[in-house]
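Ligands are counted one by one from 1 in listed order, and the atoms in each one are counted from 1 as well. Worth saying up front: this structure is predicted, and the values here are computed from it rather than measured.
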Amino acid sequence: MSRAVIPIAMQLAALAAALALPAFVGANSYALFVATQLGIYIIAAIGLNLLAGYAGQVSLGHAAFVAIGAYSVALLTVDHHWPFWAAAVVGMVLAAGLGVLAALPAFRLSTWYFAFITLAFALVFEKMIVEWRWLTKGFAGVVSVPPPSAFGYEFGPRPLYYTIVAVTVVAFILVRNVVHSRFGRAFVAVRDVEPAALAVGASPQRTKLVAFVISAALAGVAGAFFAVQKTVVTPDDFTADFSIFFLLTVVLGGLGTLWGPIIGALVFFLIPELLAGLQSWRMLIYGGMLLGLMLFAPHGLYGALRQAWRRMAPANPGANAAASEAREHPPIAGLALDITGLRKQFGGVQALDAVDLSVPAGSCCAIVGPNGSGKTTLLNLASGYYVPDAGSVKIGDVEALGSGAQKIAARGVGRTFQTPRLIADLTALDNVMLGAYTRERAGLLATALRLPSARAETRRLRQEALGFLQFVGVADRADVEAGEIPHGQQRLIEIARAMMGGARLILLDEPAAGLSMSELERLERLIMRICGLGATIVIVEHHLDLVANVASHVTVLDRGVVLAAGKPSAVFNDERVMRAYMGDRALKAGVPA
Ligand code: ADP
Ligand code: MG
């Protein structure tokens, strides 16, 4: 993903301004009150951005998670005289826990279901706080929430403000660390290209769940401070408007960017406050701003800022790509692939009909055949993307049927796609690092806190990923976003991603499509090198020269059945094959052997 472009000096200046504010305004001033509230909103917005912006799961009910934090603190401190800090932790855990219970079933379904379930949760929750009068005091709300205290010292508005600045900074740093880790890469992969997430062994459900837990927990924290700042907590504070306000803040600030929620909250919370004098025009001005942003800054305010920035200081792609040295890759213990009696039907189309394919460990086998003959379907079945109607797929000695794409990937099966499936928003290097998803050991906590173990792992994997980019010959693109890289090179980066995952069986779907002559030669050498290391390769390809040079065995598919199989020289000279696959013209012209 693109790194933040706000220079460190500017970040520090913003922090200094935030810390200096209380020196210029009175402790009981409206300005300090608003600034404190802004901090609370930013904490919640940072969490919502992680969920909606990075993981692509829109929560329409985030107010409910803020409410859980707020009511936990209000009820525990007022009714049970708990200290604020303990109550805040309970609020945070409850928000995350209840949220997960409500949303878990939705993660298996589409993004829309998740959005509706969170909306329904928020609406039901809002009703519950009104109806459960014995607990929540209904519409009257919980009043006189005491301020936090520490060591017998009660927090007035200024210490509370400083506390919130500190919590905001900590939340920002923790989320930034997560975003720049394997978790962040998986979020974006699940959001943009789910098949690619599966190909590197990342579970979409678990990935979304991680994002949701963090975001609900941050909403709970924001709610806890909300209660002590306002000192009164009522159901009116947490209506659907509030959820929508959060979402708008994040979307308009810049969805899926680290600074988006901060800029969004700053602008969209402060402006209505400042416009209080123009009360009757307020909604019109606000609405006009929203409309203007949607038209002219589709990537939010932060996106617009970033573009302006880039125009002033053009990026220098590939600046640090030369850092790594070409290293010898250790041998790979290839996995055998044994397919028997495989059948797959789509509606009326028999895509595969009793197909057998046996690829010994460490060999390179090709599958050729006209378009629509079932080659991609075969790869999709072998890698668990489809479930066959009948037959068996053995990887190594293990039956792989029914395991699912993510588990098969984790077992050492790497693949590329006929249309490259890189994550456009991630750099080439991040795309390759995504490949290491199942190999990375650092947990969420170690990652968020950037513990030395997590940092060492990231550094090591970064070097390794650079090494693979060099191995496939596109190291100079390391820092370029994948969406801006030509297709031919994207295919090579996909191969690097598969190798990064430690793949021992690599399935390549038309890797030479769209490659230039020189890239084609490079691909040929690359495949031979990977095979030379010991990996097993199955290549689907139309370039028969390439096939003849790299493959020791060819299987010809035609309309879902195996037409011929054997050594390339024998198969390509088989008359039936030439007629079915290449047409009569090829018969006369001769084919490479
Ligand atoms: P190839 O890769 O050899 O060009 P495919 O495996 O993509 O062929 O397709 C084989 C047949 O199966 C085609 O008729 C195609 O339309 C059909 N097919 C493949 N995938 C699907 C799918 N997901 N849904 C419906 N039909 C499909
Ligand atoms: Mg295909």
Q | Phe212 ring center within less than 6.0 Å of Phe65 ring center | A |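 Ring centres of Phe212 and Phe65 closer than 6.0 Å.
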Q: Using distance alone, with no hydrogens and no angle criterion, decide if Ser358 and Asp338 have a side-chain donor and acceptor under 3.5 Å apart.
A: yes
Q. How far apart are the closest heavy atoms of Glu519 and Gly488, and which atoms are they?
A. OE1-CA, 4.2 Å
Q.
Under the side-chain contact (heavy atoms from CB on, under 4.5 Å) test against Leu378, which residue among Val393, Leu352, Asp509 passes?
A.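 Per the side-chain contact (heavy atoms from CB on, under 4.5 Å) rule, the option paired with Leu378 is Leu352, out of Val393, Leu352, Asp509.
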Q.
Can you confirm if the NZ or CZ of Arg306 lies within 45° of the ring axis of Tyr302 and under 6.0 Å from the centre of its six-membered ring?
A.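 No.
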Below 3.5 Å only, please: the N or O atoms of ligand 1 paired with protein N or O atoms, distance on each line.
residue	atom	partner	partner atom	Å
ligand 1	2 (O)	Thr376	N	2.9
ligand 1	2 (O)	Thr376	OG1	2.7
ligand 1	3 (O)	Ser373	N	3.2
ligand 1	3 (O)	Ser373	OG	3.4
ligand 1	3 (O)	Gly374	N	3.0
ligand 1	3 (O)	Lys375	N	2.9
ligand 1	3 (O)	Lys375	NZ	2.8
ligand 1	4 (O)	Gly372	N	2.7
ligand 1	6 (O)	Thr376	N	3.4
ligand 1	6 (O)	Thr377	N	2.8
ligand 1	6 (O)	Thr377	OG1	2.5
ligand 1	8 (O)	Gly374	N	3.3
ligand 1	23 (N)	Tyr386	OH	3.0

Q: Return yes when at least one N/O/S atom of Gln418 is nearer than 2.8 Å to the Mg ion (ligand 2), and no when none is.
A: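 A backbone or side-chain N, O or S atom of Gln418 is under 2.8 Å from the Mg ion (ligand 2).
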Q: Assess Asn371: does it contribute an N, O or S atom lying under 2.8 Å from the Mg ion (ligand 2)?
A: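 Within the cut-off used here (under 2.8 Å), Asn371 places no N, O or S atom near the Mg ion (ligand 2).
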Q) Got a salt bridge between Glu494 and Arg491, using NZ or NE/NH1/NH2 to carboxylate O under 4.0 Å? A)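 No, no charged N to carboxylate O under 4.0 Å.
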Q | Electrostatic pair Arg185-Glu440, nearest N-O below 4.0 angstrom | A | yes
